[in-house]
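Worksheet: one structure, shown below.
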Amino acid sequence: MMSIVIFGAGGRTGSTALAEATAREHRVTSPRSAEADVTDPKAVARAAAGHDVAIAAVAPAEADPRAFFLAAANGLVTGLQDAGVDRLVWVSIASLLPGASGIPAVDTDGFPAEYRPFSLGHRIALEVINASGLQWAAVSPAGDFASGTSPASGFAFTAVGDLTSRVTRADHARALVDLAERPGLRGEHLGVVPLSSGAQSSAVVGDGER
């Protein structure tokens with residue numbers, strides 16, 4: 001059993017990760033945002049103290065996404081380090097994964113302008129986290145979430161983005177907790193794809209099955 005603190009557990013992604021980690025009988029803390037503002041290093045340190053690993057599934061409510069993600073990454077890095085927590089699993093976004101051409105979707109000419117600030121905010125956060133010295137992994141659907149509340153059906157990790165891919169939130173949560181359980185995080189962004197899409201051939205970290 002591990003001790004996991006989940007920032008952003010009130011959202012759909014965070015709440016599903018909370019349910020998955022609890023089902024595995026880990027000791028899980030899910031501080032309310034009012035008590036653990038991820039942009040406040042002191043609040044992060046208080047919430048994270050005594051835990052083995054943090055999962056962050058956070059997003060701005062109304063703030064500029066680039067400013068929010070920069071502040072969130074700095075707050076998490078400093079707060080976790082002050083609390084003695086050296087592992088972080090960060091929920092990222094598929095547009096930063098390289099596509100089949102090797103170019104992330106956010107860097108292509110056809111990427112919608114209205115989504116660019118959110119994606120670039122995530123990129124800024126990863127740059128901060130990567131420079132921090134933490135053991136970390138970033139996890140996102142390789143494309144997007146499947147609609148509805150489909151149950152887990154098997155997944156795999158991939159290093160390649162595919163914006164047509166759809167993975168269930170349950171499988172994405174399993175991927176988050178799988179990585180949280182690993183003692184050594186390698187500092188990389190991984191996409192999650194359903195096994196039914198032929199993911200066996202593209203898996204880069206295990207096969208996603210338990």
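Along the sequence shown, residues are numbered consecutively beginning with 1.
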Legend entry - Main-chain N/O of Met2 paired with His26 side-chain donor or acceptor, under 3.5 Å: yes
Legend entry - ILVMFWY cluster, Phe155 and Val160 together (side-chain gap under 4.5 Å): no
Inset, instruction - Determine whether more than 12 heavy atoms belonging to other residues, nucleotides or ligands lie under 6.0 Å from atom CD of Glu114. - result: yes
Inset, instruction - Please check if the side chain of Thr78 supplies one atom and the backbone of Gly75 the other of a donor-acceptor pair under 3.5 Å. - result: no
Inset, instruction - Would you please test Phe68 and Val58 for side chain to side chain contact (heavy atoms under 4.5 Å, CB included) and show each step? - result: CA-CA 10 Å; Phe68 170 81; Val58 298; 4.2 Å; yes
Inset, instruction - Measure the spacing between CG of Asp178 and CG of Asp171 and express it to the nearest 0.5 Å. - result: 10.0 Å
Inset, instruction - In plain terms, say whether Asp107 and Arg123 are close enough for a salt bridge, that is, a side-chain N and a carboxylate O under 4.0 Å apart. - result: yes
Legend entry - Same apolar cluster (I L V M F W Y, side chains within < 4.5 Å links), Leu190/Ile103: no
Legend entry - Same cluster (ILVMFWY, side-chain, under 4.5 Å), Phe69 and Leu126: yes
Legend entry - OG on Ser132 to CG on Leu80, rounded to 0.5 Å: 8.5 Å
Legend entry - Check: Ala105 main-chain N/O paired with Thr108 side-chain donor or acceptor under 3.5 Å: yes
Inset, instruction - For Ala47 and Val5, work out which heavy atoms get closest and say how close. - result: O-CG2, 3.8 Å
Inset, instruction - Drop me the distance from Ile129's CD1 to Leu76's CG, to the nearest 0.5 angstrom. - result: 7.0 Å
Inset, instruction - Check whether any side-chain heavy atom of Tyr115 sits under 4.5 Å from a side-chain heavy atom of Val106, and report yes or no. - result: no
Legend entry - Closest approach of Val85 to Leu134 (non-hydrogen atoms, all atoms of both residues): O-CD2, 3.6 Å
Inset, instruction - Over all heavy atoms of both residues, which pair between Val28 and Ala21 is shortest? Give the atoms and the distance, please. - result: CG2-CB, 3.7 Å
Inset, instruction - Measure from the side-chain N and O atoms of Asp52 to the backbone N and O of Ser3, and report whether any donor-acceptor pair falls under 3.5 Å. - result: yes
Legend entry - Separation of Phe7 CZ from Ser30 OG (nearest 0.5 Å): 10.5 Å
Inset, instruction - Give the minimum heavy-atom separation between Ser92 and Leu96, together with the two atoms involved. - result: OG-CD1, 4.0 Å
Inset, instruction - Find the distance between CZ (Phe111) and OG (Ser95) and round it off to the nearest 0.5 Å. - result: 4.0 Å
Inset, instruction - Without swapping roles, check the side chain of Asp86 against the backbone of Gln135 for a donor-acceptor pair under 3.5 Å. - result: no
Inset, instruction - Hey, could you give me the CZ/CZ distance between Arg166 and Phe145, rounded to the nearest 0.5 Å? - result: 11.0 Å
Legend entry - Residues Arg24 and Glu20 bridged, charged N to O under 4.0 Å: yes
Legend entry - Donor-acceptor contact below 3.5 Å, side chain His122 vs main chain Leu120: no
Legend entry - Cluster overlap Val139 with Leu163, hydrophobic side-chain contacts below 4.5 Å: no
Inset, instruction - Would you check if the side chain of Glu181 reaches a backbone N or O of Leu176 as a donor-acceptor pair within less than 3.5 Å? - result: no
Legend entry - Any donor-acceptor pair under 3.5 Å from Arg87 side chain to Trp136 backbone: no
Inset, instruction - State plainly whether one hydrophobic cluster holds both Leu18 and Val192, where clusters connect Ile, Leu, Val, Met, Phe, Trp and Tyr through side-chain heavy atoms under 4.5 angstrom apart. - result: yes
Inset, instruction - Indicate whether any N or O donor in one side chain lies under 3.5 Å from an N or O acceptor in the other, for Thr16 and His172. - result: no
Legend entry - Derivation and outcome, side chain to side chain contact (heavy atoms under 4.5 Å, CB included), residues Val89 and Leu185: CA-CA 8 Å; Val89 179; Leu185 298 176; 4.0 Å; yes
Inset, instruction - Would you check if the side chain of Asn74 reaches a backbone N or O of Leu70 as a donor-acceptor pair within less than 3.5 Å? - result: yes
Legend entry - For Ile93 against Phe118, the heavy-atom pair lying closest together: CD1-CD2, 3.6 Å
Inset, instruction - Determine yes or no for a side-chain-to-main-chain donor-acceptor pair under 3.5 angstrom, with Arg169 supplying the side chain and Ala146 the backbone. - result: no
Legend entry - Which atom of Ala142 lies closest to which atom of Ala94, heavy atoms considered: O-CB, 3.4 Å
Legend entry - Min side-chain heavy-atom separation Leu97-His189 under 4.5 Å: yes
